[in-house]
Structures are given as C-alpha cells and as structure tokens.
Amino acid sequence: MIYLKNPEQIKKMQIAGRITGEALLLAGEAVREGISTQSLDKIIRNHIEKCGAKPSFLGYGGFPASACISVNDEVIHGIPSPKRILHEGDIVKIDVGAYIGGFHGDSARTFAVGKISDEAQRLIDVTRESFFEAIKVLENPGARVGDIGSAVDGHVSKFGYSVVKKYVGHGVGRELHEDPSVPNYGTPGRGQRITEGMVFAIEPMVNEGVSAVRELSDGWTVLTADGKLSSHYEHTVAITENGPILLTKVD
Ligand code: MG
Ligand code: MG
C-alpha cells in the first residue's frame, strides 16, 4: 500500500531529508586515504544525533551501524569497521538515513578516495546522470514507475554498464522502506502511476560489469558477482504539485 504525504508531512520529511543530506556530505568531505569506514560512520552518527534525529539504519533488521559504507566491488550494505581503511584509488559508497518528526530520509553517494581511474570516475558520473534522467521523467504528468527504471537502465546501458536488479528503490515515509518498489529497470508506460504526494527513493546501483551480485558471509555486504566496480546514487524524492523535489539534496 502506498501512503501519500500531504504538504505538511512533506515539510517534515524535508527536515529528515536535510539532516540526511548534511550527514552524507560531511562524511564525503572526510573521505581520504587512511581513514576507516568506522570513522566515517561516527561522523554521520554524530551529525544526525546533534540534530536531534536518529540514524535510520542503526538496528534496522539488526544492522550494527549508522551508515552502510561499501568499497569498490561492494555494492551496498557494507558494514563500517575500524579495520576497513580507505586507499587511494578506491571508490566508496556511503548510504545514510535520518529519522526525525516521524519520518525518514534516505540518500547515498559514491566518493573518490584521492585520485581514481578515469574508468571509475566515468562509472560514478554515469550513475549520477542516470538518476537525473529519471528525475526528467517525473516532470511528465502521467509518468509511471516503469518510466523511471527505463530511464536509468537506458542511460547506463549506453556505456556498457548494468543496473543491479536484485535491489531496488522504494517508497520512504514513516517507514524507511515503503511501497512502491522502484526498480532501476522497467518498461516505459508500465507500473504504478506517479501521483502528487508520493515520496520515494530513486537509487541507481550501477555495475561496471555484470548485473549479478552475491552476498558476503557477514549476512549484509552485497558485492558484484564478477568483482568489478559498482556505484550508487540516491535521493529521497517527493512528488508535489510543483513537480519533483529532492528532499535529501543539500549541495
Ligand atoms: Mg539508501
Ligand atoms: Mg534506499
């Protein structure tokens, strides 16, 4: 069931979204060679709690940290650790959620550690572009969920990349994950119609190689099946009478 949000609720979600976006940017500014993923997680938790919010991911399904931090061939759900040290040339995906006023925000981004390869930078750029291709679709009245996925997949496949199919975007609200599912692939004109009051996370997860993923024995970390790089870009998006608003975008 899709829970539509009224303008007052979307205002509340803007607060959760702003805190989420700020925490993500602060962590991104701290990304450098030699830092541990646990240190980045602490920066995120500190900011969220300083703002009077709660980290959405902490304890979610038993997840042990405030952010998911995934390096190189790790796609999503990486567990921050003091032993996981970033090295020059790595790409690091940070995924953050903040809960305040009864609502969640959810946002992710991929950061470069020092100088990275041109190939890695292109993957990051194309992933981000695919998100904004999906946003363009939402400018059209009558757009459907299948149009979002088709826009994402259509863009990344031009570069020979694959979208992850096993994990998808989702509605966001009082729960971190609500209906509808928002896959990064789809058929134009098919699926749920997008209407005012819907709030969902659009989150392209893009693999340099094959679409297939596998799960690490820690029960959380998802990796590319072929060991190639993966990139992630996500914002929580509200559909308003004035069009889509990116609730977690603060830069
Ligand atoms: Mg997320
Ligand atoms: Mg999400």
Side-chain angles (χ1 to χ4, degrees), residues 2-3 5 13 16-28 37 40-41 43-45 47-48 53-71 74-80 91-100 103-111 124 127-128 130-132 134-135 138 145 148-149 152 163-186 192 198-207 213 220-222 230-239 244-251:
I2 296 172
Y3 297 102
K5 282 81 180 176
M13 291 198 73
R18 178 179 52 76
I19 296 167
T20 301
E22 287 169 353
L24 183 55
L25 277 196
L26 280 173
T37 55
L40 297 174
D41 186 69
I43 290 167
I44 289 160
R45 182 171 183 166
H47 181 74
I48 290 172
K54 286 185 177 156
S56 302
F57 300 175
L58 187 61
Y60 186 91
F63 190 76
S66 296
C68 296
I69 307 185
S70 314
V71 183
E74 296 169 353
V75 179
I76 47 169
H77 300 169
I79 302 173
I91 64 170
V92 58
K93 285 131 279 183
I94 306 180
D95 194 346
V96 179
Y99 178 77
I100 189 169
F103 292 96
H104 292 275
D106 189 6
S107 186
R109 198 183 279 207
T110 304
F111 298 97
I124 293 172
T127 304
R128 182 178 190 279
S130 73
F131 171 89
F132 286 99
I135 294 300
L138 298 175
V145 166
I148 294 174
V152 170
V163 297
V164 172
K165 294 191 166 167
K166 193 172 176 192
Y167 298 89
V168 297
H170 50 89
V172 183
R174 295 197 180 278
E175 302 293 333
L176 181 60
H177 295 113
E178 296 185 350
D179 288 337
S181 287
V182 185
N184 292 308
Y185 58 94
Q192 178 73 42
M198 287 174 72
V199 181
F200 44 76
I202 298 179
E203 50 177 314
M205 290 161 251
V206 179
N207 293 350
V213 295
W220 282 104
T221 313
V222 175
S230 186
S231 177
H232 191 193
Y233 189 90
E234 175 184 32
H235 282 298
T236 302
V237 182
I239 307 302
I245 298 178
L246 309 187
L247 299 178
T248 44
K249 191 160 173 28
V250 295
D251 60 336

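Counting starts at 1 for both ligands and their atoms, in listed order.
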Restricting Asp95 to its N/O/S atoms, the closest one to the Mg ion (ligand 1) is OD1
Enter the distance from His170:NE2 to Leu176:CG here, rounded to the nearest 0.5 Å. 5.5 Å
Hey, which N, O or S atom on Glu203 ends up closest to the Mg ion (ligand 2)? OE2
Check Asp106 and report its N/O/S atom nearest to the Mg ion (ligand 2), by atom name. OD2
Short N-O contact, Lys5 and Glu178, less than 4.0 angstrom: yes
Is the NZ or CZ atom of Lys93 both under 6.0 Å from the centre of the six-membered ring of Phe111 and within 45° of that ring's axis? no
Suppose we only count N/O/S atoms under 2.8 Å; would Glu234 qualify as near the Mg ion (ligand 2)? yes
For the Mg ion (ligand 2), decide whether His177 has an N, O or S atom at a distance under 2.8 Å. no
What class does the angle between the rings of Tyr60 and His177 fall in, given that below 30° is parallel, 30 to 60° is tilted and above 60° is perpendicular? perpendicular
In terms of ring plane angle, is the pair His235 and Phe131 parallel, tilted or perpendicular, where the classes change at 30° and 60°? perpendicular
